[in-house]
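First comes the structure, then the notes that go with it.
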Amino acid sequence: MSNDIFVVTECLDGKVSDISYEMVGKAKELAAASGGQAVAVMLGSDMAEQAGTFASDATIYVDDPALAHFNPEAYGKVVEALAAARSPRLTMFGSTSMGMDMAAWLSVKAERPLIAYVNSLSAEGDELVATSQVYAGKMAAECVPEGESAIVTVLAGAFSVEAGQGGMAVEQIAAPVPLDGLKTRFVEMIMPAAGDIDITAQEKLVAVGRGIGSEDNVELAEELAEALDAAVAASRPITDAGWLPKTRQVGKSGLAVKPKLYLMLGISGAPEHLEGMKDSSLIIAINTDENAPIFDVAHYGTTEDLFDVAEAMLELLE
Amino acid sequence: MNIVVAIKHIPSLADELEVNDEGTNLDYDMVDFVLNEFDEQAIEQAVLVKEASGGAVTVVGVDVIEELDGVLHTALAKGADKAVKIVGDLEPGIDSHTHARWLADAIKEMDADIILTGVQAADDLDGQIGPMLAAHLDMPYLGVVTGVEVAHRVATLYKEYAGGMMGKYAVSLPLVVGVQAATKPPRYAPISKIRQIAKTAVIEEIEVDDDGPGAAVMLRKMSPPVSTGHANMLPGDAEAVAEKIIAIIKERGLL
Ligand SMILES: Cc1cc2nc3c(=O)[nH]c(=O)nc-3n(C[C@H](O)[C@H](O)[C@H](O)COP(=O)(O)OP(=O)(O)OC[C@H]3O[C@@H](n4cnc5c(N)ncnc54)[C@H](O)[C@@H]3O)c2cc1C
Ligand SMILES: Nc1ncnc2c1ncn2[C@@H]1O[C@H](COP(=O)(O)O)[C@@H](O)[C@H]1O
């Protein structure tokens, strides 16, 4: 086992995702404490330039046409082979669409413990201590992986982006395992539908969550948005239910917004939602659950019923 | 085509979550268990695939608190054909790795062509079971999927990325899919139908009892997260709050 820390970085549509830098910055700090190296690992095709943007102690860039787009089967095999050859003490993945497909698979394949949803990592002597945000952010679990080598998936926004940005010589290698005969084939990338309003360009948003209760009640949010000259955004359950178009979804698998006003009606504040809105200038949350995680992030809050507040606001605004 | 859906009972997040006396886990006696919301989507997706391409749907879960029958009956009412529960001297707790082993062993006997799981559950401290099943069964995995179509032994899948981007993939069967959302919102099963099914349905039981390798993660402490900040809570009734919110928005020059 080496004292190195692997960071499996990711690119989406040719651009390095911030989570990659966030992890590299943290890995550097941990590696420095344990006398190892923070090794950024990038997989792709013709992406040496992107691979050279990390402040890691070393960067391995695996170049192969089969890695041009994310493919969990191909990426998994490559990361498994690299980890087997270089025995990192810790392998970090983003808690993202890509990282989630690889981490648990590798955990079983390589027989390494995995801690998911991590938003804090530290070294206590020889032990690695990770805090996992479980139950949609309602509980924090402090964990120590057993054995010499572990895997974590890290929540976006947990660590600083700047600490991981820099420039480092890249060791470019060919795929360490054959990548033919894959059962998984990437077909194409589908870009978000245009045509609806662009919530990322709005100054004011009224965001509705599951607390709104039914499709008919969405109208109340629309009226309120109109009175405030704002647009309506939503959490995932609302767009999944088809009550609002997908283009209105804020969060991990939706859009990231940063409006001057984010007024929230019945959204609990799960990490996947927070990821998309926590940098808004003014966040006001209306949620009847006083323990809702959103109150740790919002600037102003109330536990009054959203319908009562929304209706009272409408009356005052008329 | 054999379609298998793995479903999971998890503590309801609508309940107040309390920690046990040792401070190492939830106090499971104090919470209700509900079906993981993404499993509703996985069940719907399974039934949609069956309706479009034929086959049979088997729903399987680990019965941690001996209350899984209700959700299995509901799944049958929605169009699943068979229900299986893994039973034993079990306790709720957080160890996806152990459950993944049990499930993989059970699914090995089912000759599955496509295995659907929820993309994740809120209590998966040691990771999601979907990719673990794929590793045990030596099948490919694709997660965060919002649509599955199957034709000629190839599944066409849509995988969500950040920023509203979506990757289209073609994967040959058999495979494991982590379902984020079904192609259509989940259907509703009338209570009367569920009740009727409950009277006649036979749920197959698979007994497990082992202490093989688990998560290998030591949970030292569980507690509500230490908040770094807290919202300024607005006092008064709804009207007072409404007035104050409007005043704040005006103060910022946003109205
Ligand atoms: C891979 C992945 C990606 C995801 N991507 C996203 C994403 O992009 N965006 C996203 O939002 N989620 C995403 N999620 C889902 C996320 O985990 C949560 O499930 C979701 O954010 C919860 O939405 P919510 O807050 O509206 O619902 P809930 O968590 O159900 O919260 C509803 C809230 O409404 C409150 N409420 C109920 N009634 C009232 C009332 N009358 N008045 C006031 N308050 C009331 C309740 O107290 C509760 O807190 C993703 C999940 C996964 C696994
Ligand atoms: N004990 C279990 N029994 C059956 N299915 C499970 C179990 N645990 C997890 N799953 C499946 O894996 C998905 C993701 O849950 P998790 O692995 O906890 O993130 C769930 O939505 C289920 O489809």
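Letters go in sequence order (proteins before strands), and every chain restarts at 1.
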Nearest 0.5 Å, please: how far is [atom2] in [Y] from [atom1] in [X]?
X	Y	atom1	atom2	answer
L317(A)	D229(A)	CG	CG	11.0 Å
L142(B)	S97(A)	CG	OG	7.5 Å
E272(A)	R236(A)	CD	CZ	9.5 Å
N287(A)	N291(A)	CG	CG	10.0 Å
D138(B)	L133(B)	CG	CG	13.0 Å

[X] versus chain B, heavy atoms under 4.5 Å apart: side chain, backbone, both or neither?
X	result
L228(A)	both
E304(A)	side chain
F295(A)	both
I115(A)	both
E127(A)	side chain
T247(A)	neither
A227(A)	backbone
T153(A)	neither
V129(A)	side chain
A256(A)	neither
E73(A)	side chain
L306(A)	neither

Bottom line for K221(B): the part with an atom under 4.5 Å from chain A's heavy atoms is both
Evaluate the ring planes of Y161(B) and Y169(B), with Trp represented by its six-membered ring, and classify them as parallel (under 30°), tilted (30 to 60°) or perpendicular (over 60°). tilted
Heavy atoms only, distances under 4.5 angstrom: which of [options] has the most pairs with chain A? Name it, please.
options	answer
V154(B), I246(B), L255(B)	I246(B)
H136(B), E239(B), Q120(B), H97(B)	Q120(B)
R252(B), M233(B), K244(B), E16(B)	M233(B)
A170(B), P185(B), S172(B), G130(B)	A170(B)
G167(B), S223(B), G214(B), A181(B)	S223(B)
G236(B), P225(B), G127(B), A240(B)	P225(B)

Residue, of [options], that accumulates the most heavy atom pairs under 4.5 Å with chain B:
options	value
P72(A), S132(A), S253(A)	S253(A)
R112(A), E203(A), K204(A), E275(A)	K204(A)
M139(A), M313(A), K252(A)	M139(A)
G301(A), S268(A), S17(A)	G301(A)
A285(A), P113(A), S95(A), A156(A)	P113(A)

F70(A) vs F186(A), test: ring-ring contact (aromatic ring centres under 6.0 Å, His included). Steps then yes/no. CA-CA 8 Å; F70(A) 179 67; F186(A) 171 85; 9.6 Å; no
Is any residue of residues 101-109 of chain A within less than 4.5 Å of chain B by heavy atoms, and which ones? D101(A), A104(A), W105(A), S107(A), V108(A), K109(A)
Flag the pair R187(B) and E40(B) as a salt bridge only when some basic side-chain nitrogen lies within less than 4.0 angstrom of an acidic carboxylate oxygen. no
